[in-house]
Each structure stands twice: as C-alpha cells, then as structure tokens.
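Notes to accompany the following structure.
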Amino acid sequence: MHDIKALRDNPAAFDANWARRGLPPQTPAILELDEKLRKLQTELQTAQSRRNEASKEIGAVKSKGGDAAELMAEVANLKDRMAILEEQEREVAEKLNEILSALPNMIAGDVPDGADENDNVEIRTFGTPKNPNTEVPDHVAIGEALGLMDFEGAAKVAGARFSVNKGGIAKLHRALGQLMLDTHTMEHGYTEIDPPLLVSTDVMYGTTQLPKFRDDQFETTDGRWLIPTAEVVLTNLVRDEILEGLETPIRMTAMTPSFRKEAGSAGKDTRGIIRQHQFYKVEMVSITRPEDSEAEHLRMLNCAENILKKLELPFRTIVLCSGDMGFASRKTYDIEVWIPSQQKFREISSCSNCGDIQSRRMKARFKRAGAKDTEFVHTLNGSGLAVGRTLVAVMENYYDPADGGIFVPKALLPYMGGVTKIVKAA
RNA sequence: GGGCAGGUGGCAGAGUGGUUGAAUGCGCUAGUCUCGAAAACUAGUAUGGGUGCAAGCCCAUCGGGGGUUCGAAUCCCCCUCUGCCCGCCA
C-alpha cells in the first residue's frame with residue numbers, strides 16, 4: 001500500500017514517478033476520495049463521541065432512578081445518522097483501497113528510464129560464453145537423448161508445461177538445490193526455512209500478488225493459493241509484527257516449488273523446462289530498516305551471483321529500466337545466464353528491493369531502541385537461483401559433444417555421490 | 001471429520017453489561033539514591049486513525065466479522081487459530 005500522507009503532501013511526485021512506468025496521472029482521483037473519506041470519518045467520529053457521552057449520561061441518570069427518555073431518543077437519532085455515515089465510509093474506503101492497491105511501487109531515483117526490456121542496462125558480466133559458434137543441442141535434445149528427461153510422460157500425467165526428470169538429471173537438479181541452500185545458509189548468513197506451499201488470501205495480498213495478479217495464480221477449492229514463489233511465504237512471516245531494533249537484517253532462504261499459471265505467456269518458451277507451471281526455486285528474502293535496504297540489495301545480488309560463479313557459468317547482470325520493472329519493486333537487478341543453444345543470456349534470477357510497499361500491506365514494522373513510534377520495514381527478495389533454469393544452463397554449458405553426456409560441475413561433485421559425468425541411461 | 005476447552009497490552013494474568021484502553025505482577029525506559037553497580041523507591045511504558053502550528057482533543061481496537069443494547073472485553077450467531085480427546089491418515 002502507498003503512504004497516503006506522503007501522497008497528500010506531494011501528489012506531483014507520485015504522478016511523475018508513476019509516469020515513468022507509463023501510467024497517466026492518478027492522484028486527482030485519489031485525493032478526491034481521500035478528502036471525502038476524511039470528511040466522513042470526522043463527521044462519524046463526532047457522532048460517536050456524542051453517543052458515547054450520552055450513553056454515560058444515561059447510565060448516570062438511571063443509576064439515580066431518573067428518566068433518561070430524552071437522552072435515549074437523541075442517541076436513537078444519532079444511530080440512524082451513524083448507520084448512513086458508516087455505509088458511506090465503507091464504500092469510499094473500499095473504492096480508495098481498490099485504486100491504491102492496484103498501483104505499483106515508486107521507482108528508485110537511480111533506475112534508468114525506459115520502455116521495455118530493450119532499455120535495461122548491463123552492469124557487469126562474468127565468464128566467457130562457451131561454444132560461441134558451435135551448435136549445441138538444447139537441454140531437451142540432450143536430456144531426451146540421454147533418456148533422462150521425459151516430456152511425454154509429463155504431458156500424460158499433468159499436461160503442457162510440466163516435466164519429468166530421471167536418474168542422473170534428477171540427481172543433478174537436486175544437487176543444484178543443495179549447493180544453493182548450503183551456500184546461502186553456511187556462507188551468506190541466511191536461515192533456511194521449510195515453509196507451507198499453500199497460503200491464505202491475506203498473505204497473497206501482503207506481497208502484492210493480489211488483487212492485481214489473480215489470473216496468474218492457482219487458487220484451491222478451499223480459498224487458499226499455491227505460492228508462485230517462496231517470497232510470498234518468507235516475507236509474510238513478519239506480517240503483523242513489530243520487530244525490535246532490526247539493527248541486523250533478517251535473512252531467510254527456502255527451496256520450494258513455485259506454481260504459476262503463465263496465463264499471459266501462451267506460445268512463449270513452450271519447449272523444455274524454461275517456463276513451466278511448476279518449478280523449484282531457491283529464494284532469498286531480507287527484512288531491513290529503510291536505511292539498510294540498498295546495501296542489502298547489493299549484498300543479495302552478490303549472493304545470487306556467487307552461485308553462478310561457483311558453477312562457473314557465464315552470466316551478465318542488468319538493472320531493469322523503469323518500464324520493465326515488476327509491480328512491487330523500487331529497483332530490480334536481473335541475472336542472466338548464458339544459454340548456448342539459444343546463443344543468448346536468459347533470466348535466472350531477479351533481485352528486487354520492494355521498499356515499504358509490502359510491509360505497509362502486511363503491517364510489518366520495527367521499533368528503534370528507545371523510539372516511541374514504529375516504522376515500516378523494507379523487504380527484499382531475490383532468486384538464488386531458479387533451480388530448473390540453472391539445470392538447463394548446466395546441461396548445455398557442460399555438454400560433451402563427444403558422447404552427448406554432461407560433465408558435473410566441480411562445485412556439485414560433493415553432492416553427486418562420486419558421479420563425475422551424466423551419461424546415457426543403461 | 002466429531003467433541004471439549006480456550007484466544008485480553010512485550011510477556012504472565014485479572015476482569016462476565018456501565019466513567020475498563022483495560023487491575024496486578026514481570027519486563028522495558030527515565031529519574032532518585034550510590035564513587036559506580038545491584039537493591040529499593042518514583043514516574044512513564046499498546047496500535048491504527050481523525051483533527052490541530054503545537055500542547056492537546058477525539059474515534060476505533062480485548063483473535064476476525066455480524067448482531068442484541070442507550071451502553072459490550074463481558075450476551076447471541078458465523079468464521080478462524082491454539083490445546084486436548086475420538087476417528088482417519090503420509
């Protein structure tokens with residue numbers, strides 16, 4: 001949710017910021033509703049105040065055996081009026097909330113302006129793309145040739161956009177997850193969390209999946225939602241909390257399946273496991289004080305990059321431009337890994353600083369030592385990494401054209417039980 | 001799924017229709033005392049919102065929502081969560 005007081009003080013700044021995302025001016029409608037709402041609230045509260053007062057008087061009069069009929073009549077009138085005001089207040093508040101909850105976060109000042117992904121800015125690269133000119137089969141061809149990926153089986157049991165990994169590839173996938181979790185927990189200071197995969201509507205609202213992105217989500221028949229990312233659960237663990245101090249950021253990581261309808265991406269990435277309804281992802285979430293979130297953002301980005309460095313996979317890091325950013329984000333870095341079969345970099349991680357938009361919705365606050373007032377925390381999330389896409393990158397970058405096998409990256413050897421290369425199933 | 005018992009401030013725990021936003025204890029903060037500390041004593045110590053330059057005033061909140069009443073933490077209904085018993089089950 002947005003800071004309505006700040007918006008009141010400086011509506012032009014809000015409109016200018018939303019314009020960077022290509023939105024027309026929003027504040028005139030908001031301010032009009034806000035003014036209407038406060039007027040109603042003031043009138044309602046005046047009536048409530050009088051009712052409370054009169055009720056006390058009634059109690060006093062009655063306890064002395066007097067006649068309170070006149071006062072009771074006054075209260076009856078007030079109640080009629082209050083019922084009307086309450087109804088109006090509810091309607092206006094709902095309307096205002098509807099508008100505000102559908103508006104994206106303010107973009108940070110140092111984010112480059114731009115219309116779409118073509119305007120994103122590369123900030124660094126790592127490694128050199130292998131096989132720059134030779135044709136490498138894609139992960140589907142590699143996996144099927146090895147007999148270790150079964151897309152027909154997946155389609156048979158679940159439909160399109162699902163996959164079945166077998167044997168060495170399934171193990172490789174699991175090893176990747178292990179490496180990521182171990183690195184984040186033992187080297188990067190994150191606490192491992194094993195969370196629910198189904199969450200309530202309030203929780204989905206808290207991290208802004210709802211109300212705007214309902215069509216992307218799987219809803220259960222009992223009113224719960226399958227998480228589209230572990231960000232949703234991890235971040236909401238601090239909802240309704242008033243944290244003490246928060247001098248050190250809270251850092252959580254989890255490996256969970258992520259479920260997405262991919263409603264708007266028909267025809268995109270239909271081959272293979274790049275874009276699926278279900279995929280494993282290791283997620284990092286940090287909760288910080290406002291003044292710490294920028295540094296934490298860079299730290300988190302480094303944690304994600306570190307995984308790719310360990311795997312010795314070429315990648316580049318970009319800053320998303322204003323027009324390509326997600327709804328909740330103030331600033332987003334994407335990491336893109338080299339995919340040989342496509343001869344291009346593809347997104348494998350996205351690290352976002354969400355500022356206080358989620359914490360306002362979740363009522364996640366902290367209190368400084370000795371301070372009287374609470375403040376909203378900042379929330380950050382980043383993939384560290386998308387495990388399925390990392391598997392694709394490993395398969396293609398470690399492909400051995402000599403026999404169609406896949407070398408196991410050094411960093412994964414401890415997790416592979418002595419296997420150094422994935423070869424055709426016996 | 002069935003039954004029983006509960007959800008009160010940071011914590012523990014009173015309170016069953018009327019100046020109770022809420023006793024008491026603990027914790028926490030400040031002050032007094034002390035060379036300093038402890039102890040003791042004194043004072044303060046919820047969240048959100050409206051209004052105001054401000055001090056302040058006002059409204060709401062005792063798991064959530066609705067109802068009864070002049071008035072609800074207290075009565076009624078629904079939901080939810082926790083504990084225990086039974087059933088079922090990875």
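Reminder, nothing fancy here: chain letters follow the sequence lines and each chain counts from 1. Note that the coordinates shown come from a computational prediction; the quantities given were computed from them, not determined experimentally.
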Round to a whole Å and report the spacing from [atom1] of [X] to [atom2] of [N].
| X | N | atom1 | atom2 | answer |
| --- | --- | --- | --- | --- |
| A:Asp240 | B:U61 | CG | P | 18 Å |
| A:Arg239 | B:G63 | CZ | P | 18 Å |
| A:Leu243 | B:A46 | CG | P | 19 Å |
| A:Lys5 | B:G49 | NZ | P | 5 Å |
| A:Asn77 | B:C70 | CG | P | 13 Å |
| A:Arg360 | B:G48 | CZ | P | 11 Å |
| A:Glu244 | B:U29 | CD | P | 11 Å |
| A:Ile242 | B:C28 | CD1 | P | 19 Å |

According to the Watson-Crick and G-U wobble definitions, with both distances under 3.5 Å, which nucleotide is paired to [N]?
| N | answer |
| --- | --- |
| B:A5 | B:U82 |
| B:G56 | B:U51 |
| B:U34 | none |
| B:C62 | none |
| B:G44 | B:C28 |

Take atom [atom1] in [N] and the same atom in [M], then report the distance between them in whole Å.
| N | M | atom1 | result |
| --- | --- | --- | --- |
| B:U74 | B:G63 | P | 8 Å |
| B:A46 | B:U29 | P | 15 Å |
| B:G27 | B:G66 | P | 40 Å |
| B:G64 | B:A73 | C1' | 15 Å |
| B:A14 | B:U24 | P | 15 Å |
| B:C84 | B:C28 | C1' | 35 Å |
| B:A90 | B:A5 | C1' | 29 Å |
| B:A55 | B:A60 | P | 22 Å |

Would you list the atom pairs, donor with acceptor, under 3.5 Å between side chains in residues 225-238 of chain A and any protein atom, with sequence neighbours excluded?
| residue | atom | partner | partner atom | Å |
| --- | --- | --- | --- | --- |
| A:Trp225 | NE1 | A:Thr201 | OG1 | 2.9 |
| A:Thr229 | OG1 | A:Glu231 | N | 3.0 |
| A:Thr229 | OG1 | A:Lys281 | NZ | 2.8 |
| A:Glu231 | OE2 | A:Gln358 | NE2 | 2.9 |
| A:Glu231 | OE2 | A:Asn381 | ND2 | 3.3 |
| A:Thr235 | OG1 | A:Glu231 | O | 2.7 |
| A:Asn236 | OD1 | A:Arg239 | NH1 | 2.7 |
| A:Asn236 | ND2 | A:Val203 | O | 3.0 |
| A:Asn236 | ND2 | A:Thr207 | OG1 | 3.4 |
| A:Asn236 | ND2 | A:Val232 | O | 2.8 |

* To do: For A:Arg90, report the nucleic acid contact type (base, sugar-phosphate, nothing); a contact means any heavy atom under 4.0 Å.
  => nothing
* Reckon A:Lys363 touches a base, only the sugar-phosphate, or nothing at all at heavy-atom distances under 4.0 Å? -> nothing
* Could you tell me if the ring centre of A:His297 sits under 6.0 Å from that of A:Tyr333? => yes
* **Over-ring placement of A:Arg361 relative to A:Tyr205, 6.0 Å and 45° cut-offs** => yes
* **Exam field: side chain A:Asn97 to backbone A:Ala93, donor-acceptor pair closer than 3.5 Å** => no
* Is the backbone of A:Glu347 close enough, under 3.5 Å, to the side chain of A:Arg389 for a donor and an acceptor to pair up by distance? -> yes
* **Close side-chain approach of A:Ile335 to A:Leu301, heavy-atom, < 4.5 Å** => yes
* Choosing from B:U47, B:G50, B:U69, which nucleotide comes nearest the side chain of A:Lys79? -> B:U69
* Apply side chain to side chain contact (heavy atoms under 4.5 Å, CB included) to A:Ser350 and A:Thr332, showing your working. => CA-CA 7 Å; A:Ser350 191; A:Thr332 298; 3.3 Å; yes
* Asked: Which pairs with one or both residues in residues 15-53 of chain A pass ring pair (Phe, Tyr, Trp, His ring centres under 6.0 Å), sequence neighbours excluded?
  -> A:His2-A:Trp18, A:Phe14-A:Trp18
* To do: For RNA chain B, determine which residues of residues 32-54 of chain A have any heavy atom closer than 4.0 angstrom to one of its atoms, and list them numerically.
  => A:Arg38, A:Gln41, A:Thr42, A:Gln45, A:Gln48, A:Ser49, A:Arg51, A:Asn52
* Asked: Between B:U47 and A:Lys367, is there an OP1 or OP2 to side-chain N/O distance shorter than 4.0 Å?
  -> yes
* Asked: Hey, is OH on A:Tyr280 packed in by over 12 heavy atoms from elsewhere, all under 6.0 Å?
  -> no
